[in-house]
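Report on one structure; see the data block that follows.
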Amino acid sequence: MLTIQYYTPEERERLIAEFADKFLIEERNIAEGNFLVFSDEPAKPPVQMVTVPKAEFDAIKNTQKELDAVKEESKELKLAIAESAEVQQQDNLENQLAVAELVETLTNKGVL
């Protein structure tokens, strides 16, 4: 963070233009003077506190747990599908090889 004091509105505007590559995250107008605070990262929004009835809070918490469980199950299902597709592809290759060997055997015996 970079804190710079300014004395006039013109100087304030000049500093903002000069540090345009940074984020102006705060302006302090206090007894000691006027200050601009710049940062390389944008300011984080303030945490907002709310009051919620306990039953509603518990319901939200349970819903979040259920959602987390569904996400985990989804990951497991995606993995199972990928494994199944891999096994199916291997089975298809083995079947094609078996058919090719059968055709070769029948051709060599003069059946085909």
Side-chain angles (χ1 to χ4, degrees):
M1 274 197 293
L2 176 65
T3 302
I4 303 173
Q5 186 172 11
Y6 68 92
Y7 298 95
T8 66
E10 294 78 18
E11 186 178 9
R12 177 188 181 277
E13 294 304 316
R14 183 187 58 75
L15 289 169
I16 290 172
E18 182 179 336
F19 293 96
D21 61 326
K22 302 209 179 293
F23 294 94
L24 176 60
I25 61 168
E26 187 178 351
E27 182 168 5
R28 298 179 192 151
N29 302 107
I30 54 179
E32 291 82 7
N34 299 318
F35 300 87
L36 297 175
V37 181
F38 295 95
S39 175
D40 291 328
E41 298 178 12
K44 295 179 182 172
V47 174
Q48 189 174 27
M49 302 300 284
V50 295
T51 303
V52 178
K54 183 169 179 5
E56 191 175 330
F57 177 79
D58 290 342
I60 292 169
K61 205 159 87 173
N62 288 336
T63 301
Q64 183 62 49
K65 286 180 184 176
E66 291 170 4
L67 179 60
D68 291 343
V70 168
K71 286 180 180 179
E72 186 60 34
E73 185 178 343
S74 176
K75 285 181 190 176
E76 292 170 5
L77 288 172
K78 286 178 183 178
L79 181 59
I81 289 170
E83 289 172 354
S84 175
E86 198 173 303
V87 168
Q88 189 175 18
Q89 188 177 21
Q90 182 64 33
D91 287 347
N92 286 343
L93 286 172
E94 290 173 5
N95 287 340
Q96 288 174 352
L97 285 172
V99 168
E101 288 174 6
L102 181 60
V103 168
E104 183 180 351
T105 302
L106 293 174
T107 302
N108 289 342
K109 293 191 176 192
V111 176
L112 292 177

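All of these numbers come straight from a predicted model, not from anything done at the bench.
Distance check, rounded to the nearest 0.5 Å: CG of L102 to CG of N95 gives 12.0 Å. From E104, atom CD reaches atom NZ of K109 across 12.0 Å, with rounding to the nearest 0.5 Å. Atoms CD and OG1, on E13 and T8 in that order, are 9.5 Å from each other to the nearest 0.5 Å. Rounding to the nearest 0.5 Å places CG of L97 at 8.0 Å from CD of E94. Atoms CG and OG, on L67 and S74 in that order, are 10.5 Å from each other to the nearest 0.5 Å. Distance CG/L36 to CD/E11: 9.0 Å, rounded to 0.5 Å.
Applying the side chain to side chain donor-acceptor pair (under 3.5 Å) rule to E101 yields no partners; only residues at least two apart in sequence or on another chain are considered. Listed by chain and residue number, Y7 satisfy the side chain to side chain donor-acceptor pair (under 3.5 Å) test with Q5 (two or more places apart in sequence, or in another chain). Applying the salt bridge (charged side-chain N to carboxylate O under 4.0 Å, His left out) rule to E26 yields the partners R28; only residues at least two apart in sequence or on another chain are considered. Applying the ring-ring contact (aromatic ring centres under 6.0 Å, His included) test to Y6 and every residue at least two apart in sequence or in another chain returns nothing. Residues satisfying the side chain to side chain donor-acceptor pair (under 3.5 Å) criterion with N62, sequence neighbours excluded, are absent altogether. With sequence neighbours left out, E18 forms a salt bridge (charged side-chain N to carboxylate O under 4.0 Å, His left out) with R14. Under the ring-ring contact (aromatic ring centres under 6.0 Å, His included) criterion, F35 pairs with no residue at all, not counting sequence neighbours.
Each salt bridge (charged side-chain N to carboxylate O under 4.0 Å, His left out) pair with one or both residues in residues 83-93, not counting sequence neighbours, would appear here, but there are none. Every pair passing salt bridge (charged side-chain N to carboxylate O under 4.0 Å, His left out) that includes a residue from residues 48-74 is listed here, sequence neighbours excluded: K54-D58. Residue pairs satisfying the ring pair (Phe, Tyr, Trp, His ring centres under 6.0 Å) criterion with at least one member in residues 36-90, sequence neighbours excluded, are listed as follows: F19-F38.
Put simply, the side chain of Q64 does not reach to within 4.5 Å of the side chain of I60, judged on heavy atoms.
Grouping Ile, Leu, Val, Met, Phe, Trp and Tyr residues whose side-chain heavy atoms lie under 4.5 Å apart, directly or via other members, places F23 in a hydrophobic cluster with M1, I25, V37. Clustering of Ile, Leu, Val, Met, Phe, Trp and Tyr side chains at separations under 4.5 Å leaves V87 isolated, with no partner residue.
One N or O on the side chain of T63 and one on the backbone of A59 form a donor-acceptor pair closer than 3.5 Å.
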